Amino acid sequence: MKHDYKTIEKKWQDIWDEKQAFVAKNDFTKKKYYALVEFPYPSGAGLHVGHPRPYTALDIIARKRRMQGYNVLFPMGWDAFGLPTENYAIEHKMHPAEVTKRNVARFKGQLKALGLSFDWSREINTTDPDYYKWTQWIFLRLFKKGLAYKKEMTVNWCTRCKVVLANEEVVNGTCERCHGEVVHKAKSQWMLKITAYADRLLDDLDTVDYIERVKTAERNWIGRSYGAEVDFDTSAGDKLRVFTTRPDTLFGATYMVIAPEHPFVEKWKDKLKNYDEIVAYRENAAKKSDFERTEIAKEKTGVKLEGVTAINPVNGKEIPIFVSDYVLITYGTGAIMAVPAHDERDYEFAKKFNLPIIEVVAGGDITKEAYTDVSTGTMVNSDFLNGLEVSAAKEKIIEYLEEKGIGQRKVNYKLRDWVFARQRYWGEPVPLVHCEKCGWQPIDESELPLKLPEVQSYEPTDNGESPLAAMEDWVNTTCPKCGGHARRETDTMPQWAGSSWYFLRYCDPHNDKAFASREALDYWMPVDWYNGGMEHATLHLLYSRFWAKFLYDEGLLSCPEPYLKRTAHGMILGEDGEKMSKSRGNVINPDDVVRDYGADTMRLYEMFIGDFEKSAPWSTSSVRGCKRFLERFAALDEMIKDVKDEELERSLHRTIKKVTNDIEDMKFNTAIAAMMSFINEVYAKGGIDKESLKTFTLILCPFAPHICEEMWERLGGEGLCSLAPWPAYDEEKTKTSEIEIAFQVCGKTKGTVLVPAGCDEDTAFGIVMANEKFAQYVNGKTILKKIFVKDRILNVVVK
RNA sequence: GCGGAUGUGGUGGAAUGGCAGACACGCUGGUCUUAGAAACCAGUGCGCAAGCUUGCAGGUUCAAGUCCUGUCAUCCGCACCA
């Protein structure tokens with residue numbers, strides 16, 4: 001047949017829709033498979049060629065599972081709250097919901113044109129009140145469990161537009177739109193206590209099948225470190241508490257540093273002779289944008305506190321205290337004991353401020369640099385620790401500190417609590433009200449969803465509040481506890497909220513009594529295979545694992561981990577090897593590719609482009625190669641032979657085996673290569689029998705489903721090709737009677753010979769000895785050693 | 001600086017420690033065409049050759065793209081995490 005993709009692709013997409021071929025069945029007795037891809041943000045730009053890569057990959061897996069007899073859930077939806085939509089709405093004076101609706105329609109049309117086997121009956125949208133009702137419901141449960149709290153946090157403040165900016169709107173320390181100066185400004189915001197789950201988020205990684213780089217990224221992000229907290233007495237009377245991972249070096253602590261924002265600066269105001277200087281330093285640090293602060297990170301700065309000193313608790317020595325921005329208020333206690341001999345940053349600071357450097361671990365040369373190695377070295381200048389190894393000293397000092405009541409063992413994390421608030425309109429309203437008398441109160445569940453009100457303007461206000469703050473009717477309400485006057489929270493939730501539980505909603509998307517029925521959750525969860533971008537390893541993935549664990553703790557979910565398996569795809573780059581972007585002018589539009597080559601070719605090419613996990617540049621001429629392959633396949637119905645060819649049958653069984661296994665390893669490129677080789681062989685043989693062609697059609701079907709349905713129909717296949725049983729291969733039929741092995745002399749390949757498959761060393765050696773070429777290499781020499789690898793190689797070492 | 005990854009023909013990329021370059025693109029030649037395109041067939045790592053080839057330098061091994069040590073380059077993420 002001629003590959004008339006325009007006609008057949010539409011034809012089969014309509015048939016799949018009409019027959020509801022890919023709708024997941026609510027028959028909980030069947031074996032299930034839940035395949036998940038990250039739902040997209042429906043941007044105004046439409047689908048990007050990067051989107052179909054993971055979608056097609058999991059589509060292939062979902063399709064194969066259906067053919068293997070599983071009840072498959074492969075859903076799709078829209079993560080539609082977010083800044084670009086809001087900004088577009090502001091600019092074009094449209095309602096963000098209208099913008100969203102339009103973008104979703106476009107995306108959906110594009111996805112449908114690719115023949116992806118999503119179950120569209122379960123489509124969800126995070127901006128739908130029937131959906132965000134449950135996002136709010138989960139938030140309320142978090143709040144009631146004390147996992148949501150308000151805290152002063154810094155936000156990015158554009159001094160010119162006078163609005164709060166998201167991190168992605170800050171470019172090199174300036175506002176993306178007006179290029180005005182951006183500074184940090186404190187604002188009281190809702191936080192979620194994800195740190196309460198840090199240990200479990202870390203430890204449970206051992207129970208799931210994620211690719212290693214995802215696990216590593218999460219581990220580093222959580223950043224657990226073991227150490228101790230130690231209290232230092234100060235001349236001001238207060239105890240200054242520090243966290244250290246090196247309590248063993250306590251005898252080498254020659255000064256202390258507190259973060260500029262440390263509360264003691266204010267507390268000690270009257271005692272500090274140079275208070276003004278310190279405040280000036282703090283203000284200067286606050287003014288620095290993140291960009292500047294990292295740019296100048298090389299040079300240490302700081303101010304010595306005049307009037308307050310500390311006492312090293314192990315040797316009673318009086319030591320100075322500094323403020324410096326190399327100590328972060330957000331980590332540990334916001335204060336450190338500085339051990340310049342064994343910490344690079346402290347060393348640099350001590351050199352600059354001429355502070356004493358005392359070696360307490362022998363092994364390095366502290367006149368040159370800090371000695372930070374903990375694996376070797378023994379303690380010196382450390383009283384009762386002298387002579388101990390570092391690890392033993394660590395244990396002994398912690399025991400000592402605990403005994404004396406001046407410190408204790410402590411675990412710290414880099415992971416921060418989650419800022420769960422945005423000063424924007426287009427997000428889920430936070431279902432809490434503030435009452436003068438009763439404080440923050442949850443609204444009654446019966447009032448959910450708390451819908452976004454219609455506002456006049458979506459522009460953020462110039463005092464840093466969200467546009468909701470201007471809605472007096474909406475903001476003013478009554479306290480659910482005392483009935484008095486109360487005001488609603490006007491910040492909205494971050495975009496991450498809706499995506500933190502969407503995989504649960506897919507299990508039972510139309511339920512209006514619960515976020516999903518327990519029965520559906522127990523059947524479908526956990527997700528069997530989740531694929532997404534590497535960039536989500538530390539945020540979305542961690543957030544959604546946190547929510548799943550919370551719901552598990554609440555007894556609402558049976559699995560403590562939501563995803564059994566996690567893989568990640570590589571980016572598709574422009575033809576120039578650069579990241580695709582409008583400004584570079586190297587963007588490939590998927591619509592054009594589908595129009596010019598068809599969806600099957602597009603799908604096949606996206607899978608053939610290279611290693612799925614790595615990024616790869618687009619190549620239009622390589623797309624043609626995939627189209628050629630499909631055209632050659634399409635023409636096979638006119639090359640039917642009556643008899644089976646034995647060699648071809650062997651190749652077919654090998655191809656089935658290769659494709660079956662490669663799909664599981666996401667080695668789609670080599671699976672396609674094997675199928676190409678098979679078709680090349682069919683051409684070389686001048687045709688193929690009908691049964692074999694039908695079988696081949698089945699294994700190609702997940703990759704290029706439209707053309708395979710068409711071929712299947714022409715060959716008189718029963719039902720839909722997409723739902724026909726996945727073919728089995730016969731191991732025996734993949735084998736040949738003779739096999740080519742290489743012979744080597746001293747490890748250098750000299751030639752090849754045919755030997756019976758699976759033959760032993762003596763047989764192989766006999767055959768090789770009879771080979772003339774081999775003889776010329778060994779004649780007159782002594783054979784010292786023979787190495788034989790069955791069906792592979794025979795190597796002789798001669799002298 | 002720290003963490004992660006990647007270096008293989010003209011190009012994208014294949015290779016459980018066992019014949020490096022599968023498959024595809026591109027290119028060259030041929031068939032068919034008035035011509036071109038398409039399609040099909042053949043060839044195609046480098047070198048006239050012996051031989052040489054997986055970023056570079058060592059090492060382990062009968063055998064290394066693959067393992068080990070060092071080194072260089074590129075890309076991505078995080079930015080002083082005590």
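The structure presented is a predicted model; accordingly, all values stated were derived computationally and were not measured. By convention in this document, chain letters (A, B, ...) are assigned in the order of the sequence lines, proteins followed by strands, and residues within each chain are numbered from 1.
- Among residues two or more places apart in sequence or in another chain, the ring pair (Phe, Tyr, Trp, His ring centres under 6.0 Å) test is passed with Tyr371(A) by none.
- Lys667(A) comes within 4.0 angstrom of the backbone, heavy atoms only, and of no base.
- Rounded to whole Å, atom P of A82(B) lies 16 Å from atom CD1 of Ile329(A).
- Atom CD in Glu638(A) sits about 15 Å away from atom C1' in C40(B), given to the nearest Å.
- Residues satisfying the side-chain hydrogen bond (donor to acceptor under 3.5 Å, both in side chains) criterion with Thr763(A), sequence neighbours excluded, are Asp760(A).
- Taking atom P on both nucleotides, C27(B) is separated from A73(B) by 36 Å, rounded to a whole Å.
- Picking from C80(B), C23(B), A82(B) the nucleotide with the shortest atom distance to the side chain of Met676(A) gives C23(B).
- Looking at residues two or more places apart in sequence or on another chain, you find a side-chain contact (heavy atoms from CB on, under 4.5 Å) between Lys193(A) and Leu147(A), Tyr149(A), Thr195(A), Ala196(A), Asp417(A).
- Within a 6.0 Å radius of NZ in Lys352(A), more than 12 heavy atoms belonging to other residues, nucleotides or ligands are found.
- Regarding Arg628(A), its CZ atom lies at a distance of 15 Å from the P atom of C23(B), rounded to whole Å.
- Using a 4.0 Å heavy-atom cutoff across all strands shown, Ser225(A) reaches sugar-phosphate atoms only and no base atom.
- For the pair Thr752(A) and Gly332(A), nearest-nucleotide mapping onto RNA chain B gives the more 5' position to Thr752(A).
- Put simply, CG on Leu202(A) is 15 Å from C1' on C81(B), counting in whole angstrom units.
- Every pair passing salt bridge (charged side-chain N to carboxylate O under 4.0 Å, His left out) that includes a residue from residues 666-685 of chain A is listed here, sequence neighbours excluded: Asp645(A)-Lys685(A), Glu647(A)-Lys685(A).
- Put simply, CD on Glu575(A) is 15 Å from P on C25(B), counting in whole angstrom units.
- The listed nucleotides are G18(B), A14(B), C23(B); the one nearest the side chain of Asn680(A) is C23(B).
- Under 3.5 Å, the side chain of Glu348(A) and the base of C80(B) form no donor-acceptor pair of N or O atoms.
- For Ser225(A), the side-chain hydrogen bond (donor to acceptor under 3.5 Å, both in side chains) partners are Tyr331(A), not counting sequence neighbours.
- C25(B) atom P lies 12 Å from atom CZ of Phe629(A), rounded to whole Å.
- When each of G26(B), A82(B), C78(B) is scored by its nearest atom to the side-chain atoms of Val327(A), the top-ranked nucleotide is A82(B).
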Check nucleotides 2-13 of chain B for protein N or O atoms closer than 3.5 Å to its own N or O atoms and list the pairs.
| unit_1 | atom_1 | unit_2 | atom_2 | d |
| --- | --- | --- | --- | --- |
| G3(B) | O2' | Asn220(A) | ND2 | 2.7 |
| G12(B) | O2' | Ile609(A) | O | 2.9 |

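- Distance check: Glu631(A) CD to Lys2(A) NZ gives 7.0 Å after rounding to the nearest 0.5 Å.
- Scanning for salt bridge (Lys or Arg N to Asp or Glu O under 4.0 Å) contacts around Asp662(A) gives Lys658(A), with sequence neighbours left out.
- Not counting sequence neighbours, Glu738(A) has no partner by the salt bridge (Lys or Arg N to Asp or Glu O under 4.0 Å) test.
- Figure legend: cation-pi geometry between Lys750(A) and Phe743(A) absent, as NZ or CZ is not positioned both under 6.0 Å from the six-membered ring centre and within 45° of its axis.
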Tabulated below should be each protein N or O lying under 3.5 Å from an N or O of nucleotides 43-46 of chain B; please produce it.
none

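- Separating the CG atom of Asp325(A) from the C1' atom of A79(B) is a distance of 13 Å, rounded to the nearest angstrom.
- Positionally, the nearest nucleotide of RNA chain B for Thr670(A) lies more toward the 5' end than for the other of Trp221(A) and Thr670(A).
- Glu578(A) meets the salt bridge (Lys or Arg N to Asp or Glu O under 4.0 Å) test with Arg584(A); sequence neighbours excluded.
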Legend entry - Nucleotide-level pairing of RNA chain B, given in dot-bracket where Watson-Crick and G-U pairs need both distances under 3.5 Å and | marks other strands: (((((((..(((.....[....)))((((((.......))))))((....))..(((((..]....))))))))))))....

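- No contact: Glu344(A) has no heavy atom under 4.0 Å from any strand.
- Which of G26(B), C81(B), A14(B) sits closest to the side chain of Ser621(A) comes down to G26(B).
- Residue-level contact check: Arg632(A) touches the backbone only, with heavy atoms under 4.0 Å from sugar-phosphate atoms and none from bases.
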Inset, instruction - Mark up nucleotides 61-73 of chain B, 5' to 3', with B wherever a protein heavy atom is under 4.0 angstrom from a base atom, S wherever such an atom reaches only the sugar-phosphate, and - elsewhere. - result: -BS----------

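- Residue Lys414(A) has its side chain nearest to C81(B) when only U16(B), A14(B), C81(B) are considered.
- Note that Arg603(A) lies outside the cation-pi zone of Phe703(A), set by a 6.0 Å cut-off to the ring centre and a 45° limit from the axis.
- Candidate nucleotides A39(B), C19(B), G26(B) were compared by shortest atom distance to the side chain of Glu631(A), and A39(B) ranks first.
- Thr244(A) comes within 4.0 angstrom of sugar-phosphate atoms only, judged by non-hydrogen atoms across all strands, and of no base.
- The CG-C1' distance, from Asp346(A) to C81(B), rounds to 13 Å in whole Å.
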